[in-house]
Structures are given as structure tokens and as C-alpha cells.
Amino acid sequence: MKRSVDEITGNRRMRRNRRFEWTRRLVRENRLSTDDLIWPVFLCEGKGVSEPLAAMPGVSRHSVDRIAGEAKRVAALGIPAIATFTNVDLGKRDMEGSEILNPDNLVNEATKAIKDAAPDVGVITDVALDPFTSHGHDGILRDGIIVNDETVEQISKAAVLQAQAGADIVSASEMMDGRIGAIRDALNDAGFQDTGILAYTAKYASVFYGPYREAVGTDQMLKGDKRTYFMDPANTDEAIHEAELDIAEGADMIMVKPGMPYLDIIRRLKDEFGVPTFAYQVSGEYAMIMAGGKMGFLDEERAILESMTAFKRAGADAILTYFAPRVAEILNDA
Ligand code: PBG
């Protein structure tokens with residue numbers, strides 16, 4: 001016996017709401033706005049320098065004087081915050097990453113410059129040691145081991161220096177145990193109760209960081225991999241345990257990194273904890289979309305916007321993306 005479609009679906013037709021742009025607009029569940037964007041930027045030494053990155057078309061490293069102009073540009077676009085990453089001269093890198101404890105280092109000088117140029121743009125710095133070590137690891141290396149507690153001590157001091165320079169939020173991307181609590185204590189002891197902490201809670205040992213390592217100059221020097229401190233891409237329960245610790249230790253927001261391959265983790269953490277949860281669309285994700293566009297295999301702009309929507313749908317409150325200025329321009333023009 002052949003039933004009509006209405007008999008099969010009980011008179012429900014999902015396509016009715018998809019018929020017109022205006023119905024699609026009315027029933028749309030997630031909306032992207034410039035309020036959701038954080039722009040990660042790369043810094044380099046020198047004056048008047050903007051160096052394009054081969055693996056990230058459209059992205060450059062900027063010297064401190066140039067980053068001030070970039071900060072003004074994103075302020076005008078309505079982007080709430082910038083996250084800085086540095087490429088210091090190779091001569092300044094050592095086994096301990098001690099340059100991070102120089103109060104006038106590249107990251108701190110850039111914070112001051114951004115705050116001068118665009119006081120209302122949030123500055124998010126990072127305490128990981130990888131841009132400052134001669135081996136490219138995120139912590140102090142002793143006898144082949146990234147030593148946890150000594151690294152935590154060092155990055156806690158670095159967090160205070162970054163706060164002193166004017167950072168609004170310090171982030172911790174190195175995945176050492178106990179780091180969030182130690183940074184919180186150090187900030188409080190130094191009178192920076194109001195400086196926030198963004199925890200890279202679920203940071204995976206991922207191949208998608210490739211272009212970033214070129215950008216900060218660690219690609220040539222990194223020996224081995226980061227699997228003794230970053231998470232195994234096969235794990236998801238482990239992200240819950242990491243989040244429990246980070247939140248208990250005082251994280252103001254948590255993050256999942258990379259982004260698109262880990263949307264399930266964003267959704268799990270958001271559902272489980274309901275705290276501000278950010279996504280990091282990393283350098284390799286940027287490179288893939290740009291490569292697809294350049295090759296003519298996909299529409300670059302639509303791929304960018306669809307990836308942003310995917311983060312919102314997964315539950316991300318904000319997205320760190322190298323596309324931030326471009327997304328803001330598209331949204332502002334719409
Ligand atoms: C390390 C760090 C990484 C990124 C930012 N900080 C990963 C790594 O090099 O292992 C990746 C960012 C990106 O790929 O866009 N502290």
C-alpha cells in the first residue's frame with residue numbers, strides 16, 4: 001500500500017521553513033557577530049616591518065610600531081580583542097626561554113603599544129615558552145624531559161610581567177599541570193586580581209599547528225613532538241578532567257584547540273560546564289581554507305563563514321581566528 005508523503009510525515013514538512021530567505025532568517029538558530037571574534041597576531045622585532053607568511057596567505061608578522069596600526073584597524077572593525085604571539089630573534093632563545101622574563105620583551109612592548117593605540121581593544125598574551133626556547137618546546141627542557149613544576153614557576157612570573165605591561169587576560173597554552181592555579185596565585189600576590197586567565201584547556205598534539213611554527217620561528221628547531229604535554233587527539237573524557245581542574249584553579253574562560261576537527265569537544269565542555277568556552281581555529285585550518293580557495297576547489301569566503309557558524313553551533317562563545325578582520329569586514333558590509 002503506497003502512502004502519501006503527508007501520511008508518512010504526519011503532515012510535517014521540514015522544507016516549508018526553508019522556502020524563502022525570510023523564513024530561513026526567522027528560524028536561524030545561531031548567529032555570528034563581530035562580538036565573537038578574537039584576532040591572533042604575530043609579532044617580530046625591528047621597526048616598520050611587516051613580513052608576509054608563506055603558508056598563511058594574507059597573514060604577516062608585524063613589528064611593534066606596525067601592530068599599533070593593526071590594533072586601530074581592528075578597533076574600528078569592532079573586534080573585541082587581540083591575542084599576541086611572538087617571533088623573537090634566535091639569539092634571544094635559550095634552553096629555559098628566559099627572554100620571557102624580560103619585562104621589556106617583544107610581547108610586553110607590543111601590549112603597551114596596542115593599549116596606547118587602542119585602549120578599548122582587549123589584549124590577550126600567552127605564557128608558553130615555545131617562542132623563547134632554543135628547542136621550540138613550551139616548557140623548560142632538562143635531560144630530554146619538559147619539567148613541569150619549574151616551568152609553572154617561570155610562566156607564573158611571566159604572567160605577572162605581562163599583566164604589568166597591561167595585558168587584560170593572560171592565556172596559558174603550554175598544558176603544564178597546575179599552571180592555572182599557580183598563575184592565579186602569582187597575579188593575586190602582585191595585585192592583579194582583575195587580570196583574567198584564558199586556559200587552553202583541551203589543547204591537542206596536532207599537526208594543524210604547522211604554519212604557526214613557521215610564523216614564530218620554531219619549525220626548524222623543534223626536536224621531537226609535544227605529546228608528553230599536549231592531549232592525544234583520540235581522547236575526549238580527558239578534556240573533561242582538564243576542564244574540571246582549570247575551572248577549579250580559577251580559569252575565567254576555557255578553550256579548545258584546534259577548532260574544526262574538535263567541535264565535539266567544544267560541545268561536550270559547553271554542555272558539561274556552561275562556562276565561557278572559546279575555540280581556536282588554528283594556522284593549519286586557516287591554511288587549508290586558503291589553499292582550497294586559491295586552487296579554485298571551494299569558495300573561500302563562504303568556507304570561512306561556514307566554519308565560523310560551525311563554531312557557534314558547537315557552542316563556542318568566541319573564536320580565535322586569523323580570519324577575524326576579514327570576517328568583521330564581511331559582517332559589517334552585510
Ligand atoms: C604553543 C602554541 C601553539 C600554537 C599557539 N601557541 C602550538 C604549537 O606550536 O605547538 C598554535 C597556533 C596555531 O597553529 O594557529 N604554545
Side-chain angles (χ1 to χ4, degrees), residues 37-43 53-61 82-88 93 96-97 99-100 106-107 110 124-141 146 148 151-152 154-155 158-159 162 169-177 179-180 183 197-233 242 255-262 278-291 304 307 311 318-324:
L37 303 171
I38 297 167
W39 188 34
V41 297
F42 296 112
L43 308 166
L53 297 168
M56 300 179 75
V59 176
S60 295
R61 284 187 289 249
I82 287 181
T84 55
F85 296 96
T86 55
N87 184 321
V88 298
R93 305 186 195 202
E96 280 87 32
E99 172 68 9
I100 202 168
L106 190 49
V107 55
I124 304 174
T125 52
D126 192 72
V127 296
L129 298 184
D130 59 298
F132 304 101
T133 56
S134 50
H135 42 74
H137 280 289
D138 290 31
I140 296 170
L141 181 66
I146 305 302
N148 192 88
T151 300
V152 167
Q154 175 137 323
I155 64 177
Q162 293 177 1
I169 294 175
V170 295
S171 71
S173 72
E174 38 30 77
M175 293 300 274
M176 297 298 117
D177 286 321
R179 71 213 201 277
I180 302 301
I183 292 170
I197 303 177
L198 163 62
Y200 283 63
T201 291
K203 176 163 180 181
Y204 287 87
S206 171
V207 71
F208 294 105
Y209 306 146
Y212 161 90
R213 292 184 186 167
E214 180 208 341
V216 298
T218 58
D219 53 330
Q220 299 298 326
M221 43 178 63
L222 183 63
K223 287 170 200 76
D225 55 51
K226 303 191 178 183
R227 282 184 289 183
T228 70
Y229 47 105
F230 291 175
M231 281 176 59
D232 184 337
E242 284 284 0
M255 186 149 69
V256 175
K257 177 182 177 184
M260 279 241 277
Y262 297 87
F278 294 0
Y280 196 149
Q281 182 177 53
V282 300
S283 57
E285 299 175 68
Y286 178 93
M288 282 196 299
I289 291 176
M290 291 304 285
I304 293 167
S307 72
F311 288 121
I319 306 151
L320 273 89
T321 176
Y322 302 98
F323 290 120

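In each ligand, atom 1 is the first atom listed, and ligand 1 is the first ligand listed. Model, not experiment: these values are computed from the prediction.
- Residues T321 and Y286 have side chains not in contact (no heavy-atom distance under 4.5 Å, counting atoms from C-beta outward).
- Proximity of D225 to F230: side-chain heavy atoms (C-beta onward) are nowhere separated by under 4.5 Å.
- Side-chain N or O atoms of Q162 include none that pairs as donor or acceptor with a backbone N or O of V170 at under 3.5 Å.
- Ring pair H137/Y229 is perpendicular by interplanar angle, where above 60° counts as perpendicular and below 30° as parallel.
- Going from atom CG of L320 over to atom OH of Y200 covers 6.0 Å, rounded to the nearest 0.5 Å.
- Taking the ring centre of Y280 as origin, the terminal cationic atom of K203 falls outside the region bounded by 6.0 Å and 45° from the ring axis.
- The immediate protein surroundings of ligand 1, defined as residues with any heavy atom under 4.0 Å of it, consist of F85, A128, D130, D138, S173, K203, F208, Y209, Y212, R213, K226, F230, K257, Y280, V282, S283, Y322.
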